[in-house]
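Single-structure report; data block below.
Heavy-atom basis, side chains included; hydrogens, waters and symmetry copies ignored.
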Amino acid sequence: MFRFFLFKLLRALMTIILVVTFAFIVLRMSGDPAVIILGPDAPPQAIDAFRHAWGLDQPLWDQYLRYFGAIARGDLGVSMRDGQSAITLVSERIPATLELTVPALILELIIGISAGVYAALHRESIVDRAVMAGAVIGFTMPSFVLGLVLVLIFAVQLDWLPSGGQDTWVHAILPVITMSVGGIGILARFSRSAMIEILGQPYIRTASAKGMPWRKVVWRHALPNAAIPIVTIAGFMVGSLIAGAVVVESLFSWPGVGRLLVVSVSNRDLAVVQCILLMVAACMVLSNFTVDILYGYLDPRLRNMNAKG
């Protein structure tokens, strides 16, 4: 078990290092922050002074080593735009992002899994076809297109909901729906496929042949075994929601981390962008690690395998 956790920890650390390294290189190749922040008309002396003040005139490898040394000390840098701590700027936006991502994730899990399981239990019926058609439309439609359609219908035409902002909980309805529709479609399809595969297994037919009530067969035998692939997809939903927040928050003028990322990238605010990407990578690693732990509870074979290891 110790080796299992050690392997997962090392893989998590390597993932975070690769993400941060990729962001570090790409950001510095995409444009000069000094020119973007000070403007192209700034005097060359001001631009040189800015580069020297932020260490941008040093070799790339030296900047890279100093950046990782700062991370090891818990220093995630300072915003080049306003001089505030990057972690402070990002932390101030996290609650707003959670107001969208948490309800969206709950909707995805409840509606997506329920719809997929119900469709599998009524295979080839009108309900099954309707659920699958809706699922295909849901996960193939881009979030920005869906968001614009929802704004056009419910904000412009019907005037039922606001088109943007964060004043009340009503302002979160359209963004949450926009973020959750794609995940609902994906979970519905995977839940249906997993349940159909499990329902075709011999032990399901054996349990039914022994006279066990069908409802009990589904809850005791089918759902626990179908939950293993579903948990995998649900773990990836966390990452997709964080990525979707970039588009949705910009579309609905929601002051969260996603919108801050867009603004920081356009301003080449290196420390803020790197801080956000580091936090996103950490969230992804944590969600995958949680999935691995849940595997052990859902599948006894994995627990036995790890115990023998």
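Glu92 places a side-chain heavy atom less than 4.5 Å from the side chain of Thr88. Side-chain contact between Met141 and Val181 is absent, with no heavy-atom pair separated by less than 4.5 Å. Within the 4.5 Å cutoff, the side chain of Leu278 has no heavy atoms near those of the Val19 side chain. Residues Ile71 and Gln274 are not in side-chain contact: their nearest non-hydrogen atoms beyond the backbone lie 4.5 Å or more apart. Ile25 places none of its side-chain heavy atoms less than 4.5 Å from the side chain of Tyr64. Put simply, the side chain of Leu100 reaches to within 4.5 Å of the side chain of Trp254, judged on heavy atoms. Side chains of Phe252 and Thr178 form a contact here, defined as non-hydrogen atoms less than 4.5 Å apart. At least one side-chain heavy atom of Cys275 sits under 4.5 Å from a side-chain heavy atom of Met279.
Under the 4.5 Å side-chain heavy-atom criterion for grouping Ile, Leu, Val, Met, Phe, Trp and Tyr, Val149 is connected to Ile177 within one hydrophobic cluster. The hydrophobic cluster containing Tyr118 does not contain Leu187, counting ILVMFWY residues as joined when their side-chain heavy atoms lie under 4.5 angstrom apart, directly or transitively. A continuous path of hydrophobic side-chain contacts links Val262 to Val272 [ILVMFWY only; heavy atoms under 4.5 Å]. Note: the hydrophobic cluster containing Ile113 does not contain Met132 (ILVMFWY, side chain heavy atoms under 4.5 Å, direct or indirect links). Hydrophobic clustering places Val156 together with Ile153 (ILVMFWY residues linked when any side-chain heavy atoms are closer than 4.5 Å, directly or through intermediates).
For Arg259 against Ser250, the heavy-atom pair with the smallest separation is CA-OG, 4.3 Å. Shortest non-hydrogen contact noted between Thr140 and Val136 is OG1-O, 2.5 Å. Across every non-hydrogen atom of Glu124 and Arg129, the tightest pair is O-NH1, 3.0 Å. For the pair Leu241 and Met179, the tightest heavy-atom approach, listed with the atom from each and the gap, is O-CE, 3.3 Å. Contact detail for Ala155 and Ser163: the closest heavy-atom pair is CB-CB, 3.8 Å. Among all heavy-atom pairs drawn from Phe144 and Leu251, the shortest one is O-CD2, 3.9 Å.
Between the side chain of Ser191 and the backbone N or O of Ala188 there is no donor-acceptor pair closer than 3.5 Å. Panel note: side chain Ser253, backbone Gly164; no donor-acceptor pair is recorded below 3.5 Å. A donor-acceptor distance shorter than 3.5 angstrom exists from the side chain of His171 to the backbone of Thr168, with no hydrogens or angles considered.
More than 12 non-hydrogen atoms from other residues, nucleotides or ligands lie less than 6.0 angstrom from CZ of Phe50. Within a 6.0 Å radius of CD1 in Ile126, other residues, nucleotides and ligands contribute 12 heavy atoms or fewer. Counting non-hydrogen atoms of neighbouring residues, nucleotides and ligands closer than 6.0 angstrom, the CZ atom of Arg189 reaches no more than 12 such neighbours. Within a 6.0 Å sphere centred on CZ of Arg66, heavy atoms belonging to other residues, nucleotides or ligands number more than 12.
If you run side-chain contact (heavy atoms from CB on, under 4.5 Å) between Leu261 and each of Val246, Asp269, Val280, only Val246 comes through. Checked against Glu108 for a side-chain contact (heavy atoms from CB on, under 4.5 Å), the options Ile106, Leu105, Ile110, Ile111 give a single hit: Leu105.
Here the straight-line distance linking atom OG of Ser193 with atom CD1 of Ile198 works out to 11.5 Å at 0.5 Å rounding. To the nearest 0.5 Å, atoms CG (Leu148) and OG (Ser143) are separated by 9.5 Å.
Between Tyr67 and Phe24, the two ring planes are parallel [angle under 30°; tilted spans 30° to 60°].
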Does Phe68 form a side chain to side chain contact (heavy atoms under 4.5 Å, CB included) with Ile17? I'd like the steps, not just the answer. CA-CA 9 Å; Phe68 266 91; Ile17 291 174; 4.2 Å; yes

Which is it for Arg192 and Val131 under the side chain to side chain contact (heavy atoms under 4.5 Å, CB included) test, yes or no, and what are the steps along the way? CA-CA 10 Å; Arg192 177 183 180 274; Val131 169; over 6 Å; no

